[in-house]
2 protein chains.
Amino acid sequence: MARYHSFDCPIARILNTFGDHWTWLIVREAFYGKTRFTEFQRSIGIAKNLLSERLAHLIDEGIFEREDVGNRGTRYAYRLTEKGRTLLPILIAMYQWGNTHVFGDGKEPVLLVDRKSKRPLETIVPRDQEGNVLSLSEVAAAPGPKASKETKAKLAQSVLSVDRGV
Amino acid sequence: MARYHSFDCPIARILNTFGDHWTWLIVREAFYGKTRFTEFQRSIGIAKNLLSERLAHLIDEGIFEREDVGNRGTRYAYRLTEKGRTLLPILIAMYQWGNTHVFGDGKEPVLLVDRKSKRPLETIVPRDQEGNVLSLSEVAAAPGPKASKETKAKLAQSVLSVDRGV
DNA sequence: CGGTATCCCATTTGATACTG
DNA sequence: CAGTATCAAATGGGATACCG
């Protein structure tokens, strides 16, 4: 499982945990309110041994926590931690991409909505710190405070952009 | 590869293509400006046969397109299509989550910035259609126009929320 | 319910060699 | 450069059995 391609990259790091599709489905079910081992198992159709291993890994990573819900230590609830809950924007972006590009406008089986108004969310887009919407080509990758020499070199010749010529 | 867990779910569908970590790394490299087979191969350290298969799949899915860049059909460029480019918000959300929860504030090796101001992007958050920021617990999943009976039943008893009691 | 322990099979992987 | 072909080895997956 652990691979750690290019250690400096947040994407590579996140894929160390989430490069597996079962893991995303478990997280999705948690957002849908599932908490119990058997609920996860049945709703996503995963084998018990795999679910057990994935949940243990997610707990190690601080994404889930396991709570004993009584019955003399025979009932447990798996809940997203704060760290796990902040995965929601990623899930939302995936939902919206899937709705637009897999199902298409007007053919969505599931929509994400504002709980109060029941109207669909705005499509997630990048913004600057003033809240202004940025086009995709206005987004760039830059070395951060802890960039290694290799990362700086790599970023110097890259663009994180989409509209450059050959 | 193809699994199609719960066919109605955009997450399950997206994972059909992106449930594999190599695929995300290929897309990341494309955003960094890579276009050539060998560039991808070396930069992410993937075996040629795997890269070949993944790229073919991504082209099938309309995420990439292959362009002959001369030299009598011996040089090709792989580029993101419009569909592929709109994956960027997902990548941004992943970057930001990784920066916050893997590296931590002030310790980021790579930052995503506004190309003009060079300042980091705003952290992606859900908003309603008026642009108002929603808390995670204000986001809900609702049946869309093409929800199956099963999907409606499932959503009726779920919450896509995080703050409910047991 | 909430797991652990095996076992075995199918698939995936990555190295190597080869090609135009 | 841009792949295809092959193949042994590792891995992952799922079924079954078992347990507190």
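Any value given below was found using the heavy atoms of this structure, including those in side chains, with hydrogens, waters and symmetry copies removed. Chain naming here is simple, since letters A, B, ... match the order of the sequence lines and numbering starts at 1 in each.
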Rounded to the Å, how far apart are [X] [atom1] and [N] [atom2]?
| X | N | atom1 | atom2 | answer |
| --- | --- | --- | --- | --- |
| A:D20 | C:dT11 | CG | C1' | 15 Å |
| A:I46 | D:dG13 | CD1 | C1' | 10 Å |
| B:L50 | D:dA2 | CG | P | 18 Å |

Write out all pairs satisfying salt bridge (charged side-chain N to carboxylate O under 4.0 Å, His left out) with one or both partners inside residues 119-133 of chain A, taking only residues at least two apart or from two chains. A:R119-B:E130, A:E122-A:R127, A:E130-B:R119
Residues which pass side chain to side chain donor-acceptor pair (under 3.5 Å) with [X], listed by chain and number, not counting sequence neighbours:
| X | value |
| --- | --- |
| A:E65 | none |
| A:S52 | none |
| A:S148 | A:D8, A:E150, A:T151 |

In terms of relative ring orientation, are B:F64 and B:F40 parallel, tilted or perpendicular, with 30° and 60° separating the classes? perpendicular
Result for salt bridge (Lys or Arg N to Asp or Glu O under 4.0 Å) between A:E138 and one of B:K118, B:R115, B:K116 points to B:K116
Nucleotides 1-7 of chain C: which of its N/O atoms have a protein N/O under 3.5 Å away?
unit_1, atom_1, unit_2, atom_2, d
C:dC1, O3', A:R36, NH2, 3.2
C:dG2, OP1, A:R36, NE, 2.5
C:dG2, OP1, A:R36, NH2, 2.3
C:dG2, OP1, A:Y76, N, 3.3
C:dG2, OP1, A:Y76, O, 3.3
C:dG2, OP2, A:T38, OG1, 3.4
C:dG3, OP1, A:R66, NH1, 2.5
C:dG3, OP1, A:Y78, OH, 3.0
C:dG3, OP2, A:Y78, OH, 2.1
C:dG3, N7, A:K48, NZ, 2.7
C:dG3, O6, A:K48, NZ, 2.6
C:dT4, OP2, A:S52, OG, 2.1

Can a side chain N or O of A:R54 be found less than 4.0 Å away from OP1 or OP2 on D:dG13? yes
OP1 or OP2 of C:dT12 versus the side-chain N and O atoms of B:W22: is any pair under 4.0 Å? no
Looking at every heavy atom in both A:Q96 and A:T123, which two are closest together, and how far apart are they? OE1-CA, 3.3 Å
Using the rule given for salt bridge (Lys or Arg N to Asp or Glu O under 4.0 Å), can you reason through B:D68 versus B:R75, listing the C-alpha separation, both sets of side-chain angles and the distance that settles it, and then say yes or no? CA-CA 6 Å; B:D68 188 322; B:R75 301 289 185 278; over 6 Å; no
Take the C1' atoms of the five end pairs on each side of the helix from C:dC1-D:dG20 to C:dG20-D:dC1, get both axes, and report the angle to 10 degrees. 40°
